[in-house]
Engineer: 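Here's a structure for you.
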Amino acid sequence: MAKEITSRNENYSQWYNDIVIKAGLADYSAVRGCMIIKPYGYAVWEKIQAQLDRMFKETGHQNAYFPLFIPKSFFSREASHVEGFAKECAVVTHYRLKNDASGMGIVVDEDARLEEELIVRPTSETIIWNTYKSWIQSYRDLPILINQWANVVRWEMRTRLFLRTTEFLWQEGHTAHATRQEAVEEAERMINVYAQFAREWMAMPVIMGRKSEAERFAGAVDTYSIEALMQDGKALQAGTSHFLGQNFAKAFDVKFLNSEGALDYVWATSWGVSTRLIGALIMAHSDDNGLVLPPKLAPTQVVFVPIYKSREELDRISSVVSQLRNELHAVGVTTHYDDRDNYKPGFKFAEYEMKGFPIRIAIGPKDLENGTVEVARRDTLQKQIVSSNSLGKFIIGLLDDIQNNLFSKALEFQRQNTTVVNSYDEFKSVIAGKGGFVLAHWDGTPETEAIIKDETKATIRCIPFDSKPEEGKCIVTGKPSMQRALFAQAY
RNA sequence: CGGGGUGUGGCGCAGUUGGUUAGCGCACCUGCUUUGGGAGCAGGGGGUCGUGCGUUCGAGUCGCACCACCCCGACCA
């Protein structure tokens with residue numbers, strides 16, 4: 001199959017593309033900027049969805065579905081929201097095609113122009129708040145805690161598989177609350193859910209914090225994000241949660257009667273993560289042999305590869321594997337048995353490494369004799385011979401170990417690549433050199449942020465929640481600063 | 001949108017100063033032998049050379065135009 005991939009050192013972007021394609025996660029499509037998520041990639045997304053959905057339900061949310069199309073007029077209601085999205089909206093103008101008069105294929109029927117154009121949703125705040133208006137009368141109707149799993153379209157100039165595509169899959173939570181405090185708490189709760197998911201399930205350390213004004217979501221009062229560091233030293237925003245204040249309630253006139261009988265605007269939040277998480281997963285853990293997936297999100301955790309000479313030997317191995325698989329299934333481990341006869345073991349080893357299966361178990365004649373199996377772990381590529389007695393317990397422990405090891409490695413990388421700087425010169429040399437996260441004092445103004453972005457391409461990823469107050473001077477203007485901001489070049 | 005690159009069987013590529021039947025590796029099909037790190041041999045199938053127009057006795061090769069995709073940058077989750 002000759003599936004070699006470009007090394008990270010040689011060309012990081014190419015390495016990333018190679019993994020996506022050769023691990024079978026996704027393909028380019030006939031539509032510019034849009035990708036085909038292949039079964040293996042979609043299986044990863046389903047694992048992500050399943051766990052997040054569980055966490056959303058545990059925090060009291062329900063799923064619903066709102067339309068793909070949004071009347072154009074809805075968009076203009078909230079001024080900064082329109083401005084933020086106007087440049088990347090796909091617009092539906094007609095509802096019919098017809099045969100071309102000159103017989104040259106099919107054309108848009110100009111007689112079928114829509115009265116009002118429809119926007120293909122880039123996000124659903126407007127259609128949802130237009131709906132909430134009719135759902136909310138009194139404080140007894142609140143809170144409304146809704147999530148939807150959907151596709152959205154943002155017409156990007158330049159796309160990259162999973163990281164930025166014209167159409168992508170995501171979830172968007174939209175909640176309505178009676179008080180400001182409750183909405184703020186909700187926005188904070190959900191960014192914490194995302195952080196927990198990233199750390200515990202993706203084995204990916206993240207920095208949680210507040211966005212600067214320039215990086216804030218269009219239409220939000222406050223945006224919180226989780227920021228992850230990729231292996232090339234660039235930051236990736238992995239999830240966002242917005243406190244929307246009363247902006248959308250005012251734009252869509254959503255008022256409620258509070259318990260004192262007074263009329264007030266509803267408080268809102270929205271929050272989302274997308275298939276971009278798969279890109280994050282790839283760039284957080286994978287190596288030059290291919291994809292590395294954390295056990296908790298791997299579609300299949302263990303693959304069995306038989307090694308045999310004769311049909312009879314294969315049959316004996318298959319029956320042992322069948323028992324072992326049953327044992328593993330009983331303790332909740334997912335497995336696959338690759339008994340294809342047209343590939344040799346070595347080929348299969350390479351293939352499952354490319355696809356990032358956390359554990360590979362080889363079993364051959366020697367193992368049948370000794371009651372053992374050969375267990376290889378994807379994260380370290382180490383192999384060991386293990387007794388096939390009580391294999392379940394061993395595998396459970398090993399999966400856990402791999403999950404933890406991936407997180408520790410990524411955390412160590414993040415630590416090694418987070419630099420505290422106290423001057424602009426130092427800042428520039430770190431950003432231009434080793435890259436990574438840079439913690440620096442900033443005077444809090446968009447002007448200074450713009451200068452830094454202009455001169456170094458680094459942006460403020462967030463102002464971390466857990467950073468201690470610390471007096472200092474802005475690295476650019478020298479003005480007083482009470483806290484360090486987290487800078488990086490970002491995806 | 002600017003800069004760079006690439007379009008030739010499924011994939012990766014070669015194809016000379018234009019020359020007739022367009023090759024190679026991998027993959028695929030059949031058979032036999034193999035199987036503890038990407039198997040070997042034998043036989044076989046598969047290509048209007050991205051599209052269009054032009055130059056020419058003759059175009060994968062030369063010219064013009066167009067299209068698509070990738071990489072780098074500006075915009076963004």
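Per chain, numbering begins at 1; letters A, B, ... match sequence-line order.
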Engineer: Is a salt bridge present between A:E374 and A:K366, judged by a nitrogen-to-oxygen distance below 4.0 Å?
Structural biologist: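 No, no charged N to carboxylate O under 4.0 Å.
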Engineer: Dump the pairs, protein N or O against N or O of nucleotides 41-44 of chain B, anything under 3.5 Å, distances to one decimal.
Structural biologist:
none

Engineer: Throw together a table of side-chain donor-acceptor distances under 3.5 angstrom for residues 218-235 of chain A, partners on residues two or more places apart or in other chains.
Structural biologist:
unit_1, atom_1, unit_2, atom_2, d
A:D222, OD1, A:R210, NE, 3.1
A:D222, OD2, A:R210, NE, 3.4
A:T223, OG1, A:F217, N, 3.0
A:T223, OG1, A:H242, ND1, 2.8
A:S225, OG, A:E227, OE2, 2.8
A:E227, OE1, A:R461, NE, 3.2
A:E227, OE2, A:K211, NZ, 2.8
A:Q231, OE1, A:R8, NH1, 2.5
A:Q231, NE2, A:M283, O, 3.2
A:Q231, NE2, A:S286, O, 2.8
A:D232, OD1, A:K234, N, 3.2
A:D232, OD2, A:Y491, OH, 2.6

Engineer: Give me, pair by pair, the N or O atoms of the protein and of nucleotides 29-31 of chain B that are less than 3.5 Å apart, along with how far apart they are.
Structural biologist:
none

Engineer: Would one find a side-chain N or O of A:N17 under 4.0 angstrom from OP1 or OP2 of B:C70?
Structural biologist: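 Answer is no, no contact under 4.0 Å.
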Engineer: Tell me what A:K366 touches on the nucleic acid: a base, only sugar-phosphate, or nothing, going by heavy atoms under 4.0 Å.
Structural biologist: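 Counting heavy atoms under 4.0 Å across all strands, the contact made by A:K366 includes a base.
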Engineer: Could you tell me whether A:E353 contacts a base, only the sugar-phosphate backbone, or nothing, with contacts defined as non-hydrogen atoms closer than 4.0 Å?
Structural biologist: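 The answer is base, as A:E353 lies within the cut-off (heavy atoms under 4.0 Å) of a base atom.
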Engineer: Check the side chains of A:D18 and A:Q14 for a donor-acceptor pair under 3.5 angstrom, ignoring hydrogens and angles.
Structural biologist: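 Result is yes, a qualifying pair exists.
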Engineer: Between B:C1 and B:G19, how far apart are the two P atoms, rounded to whole Å?
Structural biologist: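 Between the two P atoms, the distance is 38 Å.
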Engineer: Establish, with yes or no, whether the OP1 or OP2 oxygen of B:U35 is under 4.0 angstrom from a side-chain nitrogen or oxygen of A:K309.
Structural biologist: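 Yes, A:K309 has a side-chain N/O under 4.0 Å of OP1/OP2 on B:U35.
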Engineer: Hey, mind stepping through A:H81 and A:W129 against ring-ring contact (aromatic ring centres under 6.0 Å, His included) and telling me if it holds?
Structural biologist: CA-CA 13 Å; A:H81 191 63; A:W129 279 86; over 10 Å; no
Engineer: Need one value for A:P365: base, sugar-phosphate or nothing, where a base atom within 4.0 Å counts as base even if backbone is also close, heavy atoms only.
Structural biologist: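 If one applies the 4.0 Å heavy-atom cut-off, A:P365 turns out to touch a base.
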Engineer: Can you tell me if the side-chain N/O atoms of A:K344 get under 4.0 Å from OP1 or OP2 in B:G40?
Structural biologist: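 For A:K344, the contact criterion (side-chain N or O under 4.0 Å from OP1 or OP2 of B:G40) is not met.
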Engineer: Just to be sure I understand the rule, does A:R360 reach a base, reach only the sugar-phosphate, or reach nothing, if contact means heavy atoms closer than 4.0 Å?
Structural biologist: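 The residue A:R360 makes base contact.
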Engineer: Going 5' to 3' through nucleotides 72-77 of chain B, assign each nucleotide B (protein heavy atom under 4.0 Å from a base atom), S (under 4.0 Å only from sugar-phosphate atoms) or - (no protein heavy atom that close).
Structural biologist: BBBBBB
Engineer: Using a 3.5 Å cut-off on both pairing distances, which stems of three or more Watson-Crick or G-U pairs include RNA chain B?
Structural biologist: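 Stem segments, range with range: B:1-7 with B:67-73, B:10-13 with B:23-26, B:28-33 with B:39-44, B:50-54 with B:62-66.
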Engineer: Is any side-chain N of the basic residue among A:K348 and A:E351 closer than 4.0 Å to the acidic one's carboxylate O?
Structural biologist: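 Between A:E351 and A:K348 there is no salt bridge, as every charged N stays at least 4.0 Å from the carboxylate O atoms.
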Engineer: Do any N or O atoms of the protein come closer than 3.5 Å to N or O atoms of nucleotides 7-12 of chain B, and which pairs are they?
Structural biologist:
none

